[in-house]
Amino acid sequence: MEDVNALMKVRLEKLDKLSELDVNPFAYKFDRTHFAADVVNNFESMQGKQVAIAGRLYTKRLQGKAGFAHLTDSTGKIQFYARLDQMDEKDFNVYKLIDIGDIIGIVGEVFKTRTEEITVLVKKLELLAKNLRPLPVVKEIVDEAGEVKRFDEFADKEMRYRQRYVDLIVNPEVRELFIKRTRIVQGLRDYLNSKGYLEVETPILQPIYGGAAARPFVTHHNALDMELYLRIADELYLKRLIVGGFDGVYEFGKDFRNEGIDRFHNPEFTMLELYIAYHDYVFMMELVEELISTTVKKTFGSYKITYQGNDIDFTPPWSRKRMADLLKEHTGHELFGKSRDELQTIAKSLHVEVDKGFSAGKIIDEIFSEKVEPLLIQPTFVTDYPIELSPLAKKHRSEAGIVERFEGFMAGKEFCNAFSELNDPIDQRQRFEQQVENKKQGDDEAHEMDDDYIRALEYGMPPTAGLGIGIDRLVMILTDAPSIRDVIFFPHMRPE
RNA sequence: GAGGGUGUAGCUCAGUCGGUAGAGCAACGGCCUUUUAAGCCGUGGGUCCAGGGUUCGAGUCCCUGCACCCUCACCA
């Protein structure tokens with residue numbers, strides 16, 4: 001510890017003073033009987049009762065032979081009142097020595113002060129863990145309107161991300177947000193379990209990566225002396241399980257994509273993937289609608305939320321639109337069925353930049369991203385995508401050149417992707433071959449050939465509906481978080 | 001990758017025209033037994049992101065680098 005500043009030095013010296021009082025500054029246990037909220041929310045029944053509360057010292061005011069202070073635990077904040085004539089002199093001396101940030105335990109009686117604040121009159125005070133590094137001191141007041149005003153809030157984003165533990169200590173809304181994240185995931189899981197789908201785990205280290213278009217992280221296995229990839233998707237393994245006879249499997253998993261970092265992208269992120277046998281993408285659309293809207297209702301008590309100023313309504317049914325129709329509506333052009341050259345001309349007229357290497361499907365996708373996607377604020381399913389973009393999706397049952405695929409959008413962002421899974425091994429091999437060709441042409445996100453996956457399909461995979469939901473983005477929107485970093489405890493940062 | 005912004009005490013910030021560093025909170029000492037952004041008196045605290053340059057003199061101007069933020073590009 002070389003960055004010991006004057007403030008830390010003082011705290012280290014306090015360890016000696018505590019030792020003189022025969023106090024162990026790092027205790028072994030504390031028998032807690034109540035949480036702060038138990039006391040604060042049930043004053044009528046708690047008044048005069050003895051409680052034992054533990055938490056972190058948040059404020060401290062000393063007035064000679066007495067003092068008021070607040071501590072916080074996982075449920076909230078509570079005031080306590082220490083006075084010399086109510087406790088051992090030793091404990092009161094400990095009270096004088098403790099600092100904001102110390103973990104302490106108190107035993108005392110519940111009462112209300114002159115100003116009506118519910119407070120614990122301390123009989124015993126115990127230091128449980130000494131704070132040696134000063135915390136940001138956040139002061140707050142409640143104004144006439146009942147609004148909490150914070151002063152000197154710990155606000156530096158870089159420090160908040162790097163030292164999330166401090167962020168969580170001093171910014172209660174951060175804790176609330178992450179609890180919501182967990183509740184959302186639980187809601188999704190509960191729903192899927194209620195339908196009888198099986199939660200499974202598949203490899204993160206993969207010899208061949210696939211299931212999405214992305215560049216992977218590469219790692220090395222020493223004993224086998226071989227390259228391995230961190231998965232970019234779970235897809236191909238989960239479908240192998242459908243081949244194996246499961247009717248419905250899902251996985252909440254971390255995927256890793258070796259790409260840029262911004263407000264909507266973190267190199268590792270959480271994806272829910274779900275595969276259900278004997279169903280198609282129409283079924284999956286209904287499932288997603290129910291899955292998400294049920295979870296939103298359960299978590300927030302309403303189908304309606306606000307994201308960055310936009311009201312979003314999850315009440316089913318959601319709007320469903322064919323990609324071709326949306327493009328026609330917002331660009332005035334019929335794009336499907338056009339040649340690559342024609343599409344390039346149209347793109348130019350729409351001021352959409354197109355790379356020379358783009359296929360017809362890719363140009364359509366580009367125009368869609370620019371001209372349509374930002375307009376999709378309310379939950380919307382966009383259906384029937386160009387085949388070139390979807391090497392794992394089944395051809396449309398009645399239309400050439402497109403596949404049975406949909407993506408879900410809200411707040412102008414994609415949040416899920418699903419299709420009727422391609423289960424024809426001959427078609428799948430051809431699609432992979434096309435991908436390998438694309439890779440040779442310089443598309444470094446094209447799929448690789450996966451012979452074992454083809455082999456699995458050759459044994460026969462039932463018709464299957466598949467789905468992927470980007471959990472971080474879903475949580476962002478549901479918690480009104482402007483950046484993906486706000487919904488990931490430890491977002492990726494360069495080393496300090 | 002490009003452009004813009006930020007970086008000063010533990011935290012939040014100010015710092016004028018280039019003249020040798022400030023406030024509030026926190027800390028330390030004193031007084032104070034119902035306070036709550038407690039109060040009063042007093043004290044200490046700085047690698048001004050890093051490295052170079054210009055200058056008699058740089059927190060301030062110039063260059064390079066680093067980190068973070070924003071926008072764009074890339075990216076299911």
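Keep in mind that this is a model prediction, so the values were computed, not measured. Quick note on labels: first sequence line is chain A, next is B, and so on, each numbered from 1.
Taking a pair to require two hydrogen-bonding distances under 3.5 Å in either a Watson-Crick or a G-U wobble arrangement, B:C74 remains unpaired. The base-pairing partner of B:G24, taking Watson-Crick or G-U wobble contacts with both distances under 3.5 Å, is B:C11. When Watson-Crick and G-U wobble pairs are counted only if both distances are under 3.5 Å, B:U47 pairs with no nucleotide at all. In this structure, B:A67 forms a base pair with B:U6, meeting either the Watson-Crick or the G-U wobble geometry with both donor-acceptor distances under 3.5 Å. B:U60 is unpaired under the criterion used here, namely a Watson-Crick or G-U wobble arrangement in which both key atom distances are under 3.5 Å.
Using a 4.0 Å heavy-atom distance criterion, A:F409 is classed as making no nucleic acid contact. Contacts of A:A69 with the nucleic acid, taken as non-hydrogen atoms under 4.0 Å apart, are absent. At the heavy-atom level, A:D156 lies under 4.0 Å from the strands shown only through sugar-phosphate atoms. Residue contacts for A:R485: at a heavy-atom cut-off of 4.0 Å it reaches the sugar-phosphate backbone alone, with no base atom in range. The residue A:Q86 sits apart from the nucleic acid: no heavy atom pair falls under 4.0 Å. A:A212 comes within 4.0 angstrom of nothing in the nucleic acid, heavy atoms only. Residue A:K14 is classed as a sugar-phosphate contact, given heavy-atom separations below 4.0 Å to backbone atoms only. Among the atoms of the strands shown, only primed sugar atoms or phosphate atoms (P, OP1, OP2) are found under 4.0 Å from some heavy atom of A:E445. Nucleic acid contact for A:Q79: base, since at least one base atom lies under 4.0 Å from a heavy atom of the residue. A:R494 comes within 4.0 angstrom of the backbone, heavy atoms only, and of no base. Heavy atoms of A:Y161 sit under 4.0 angstrom from primed sugar atoms or phosphate atoms, though from no base atom.
One can place CG of A:D472 at 15 Å from C1' of B:C75, the figure rounded to the nearest angstrom. In this entry the distance linking CD of A:E153 with P of B:G24 reads 21 Å, nearest Å. As rounded to whole Å, 19 Å separates atom P of B:G10 from atom CG of A:D102. For the pair A:L132 CG and B:G10 C1', the computed distance is 14 Å after rounding to whole Å.
As rounded to the nearest Å, B:A58 and B:C40 have P atoms that lie 39 Å from one another.
Out of B:U33, B:A26, B:U35, the shortest distance to the side chain of A:A66 is found at B:U33. Looking at the side chain of A:D85, the nearest of the listed nucleotides B:G29, B:U33, B:C74 is B:U33. With distances taken from any side-chain atom of A:K157 to the nucleotides B:A27, B:C69, B:C11, the minimum falls on B:C69. Between B:A27, B:U34, B:A73, one nucleotide has an atom nearer to the side chain of A:E370 than all others, and that is B:A73. Residue A:R162 has its side chain nearest to B:C68 when only B:A37, B:A26, B:C68 are considered. For A:K65, the listed nucleotide lying nearest its side chain is B:U33; candidates were B:A67, B:U33, B:G10.
In this structure, A:K321 fails the cation-pi test against A:F381, since its NZ or CZ atom is not both closer than 6.0 Å to the six-membered ring centre and inside 45 degrees of the ring normal. A:R405 forms a cation-pi arrangement with A:Y385, by the criterion of a distance under 6.0 Å to the ring centre and an angle within 45° of the ring axis. Annotation: cation-pi pair A:K60/A:Y95 present, NZ/CZ under 6.0 Å from the ring centroid and within 45° of its normal.
Between A:F178 and A:F489, the ring center distance clears the sub-6.0 Å criterion. Checked against the 6.0 Å centroid criterion, the rings of A:Y81 and A:F68 qualify as a close aromatic pair.
Note on A:R61: every side-chain N or O is 4.0 Å or more away from OP1 and OP2 of B:U34.
With 3.5 Å as the limit, one finds no donor-acceptor pair spanning the side chains of A:Q50 and A:H34.
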Apply ring-ring contact (aromatic ring centres under 6.0 Å, His included) to residues A:Y209 and A:F217 and explain how you reach the verdict.
CA-CA 10 Å; A:Y209 62 94; A:F217 286 92; over 10 Å; no
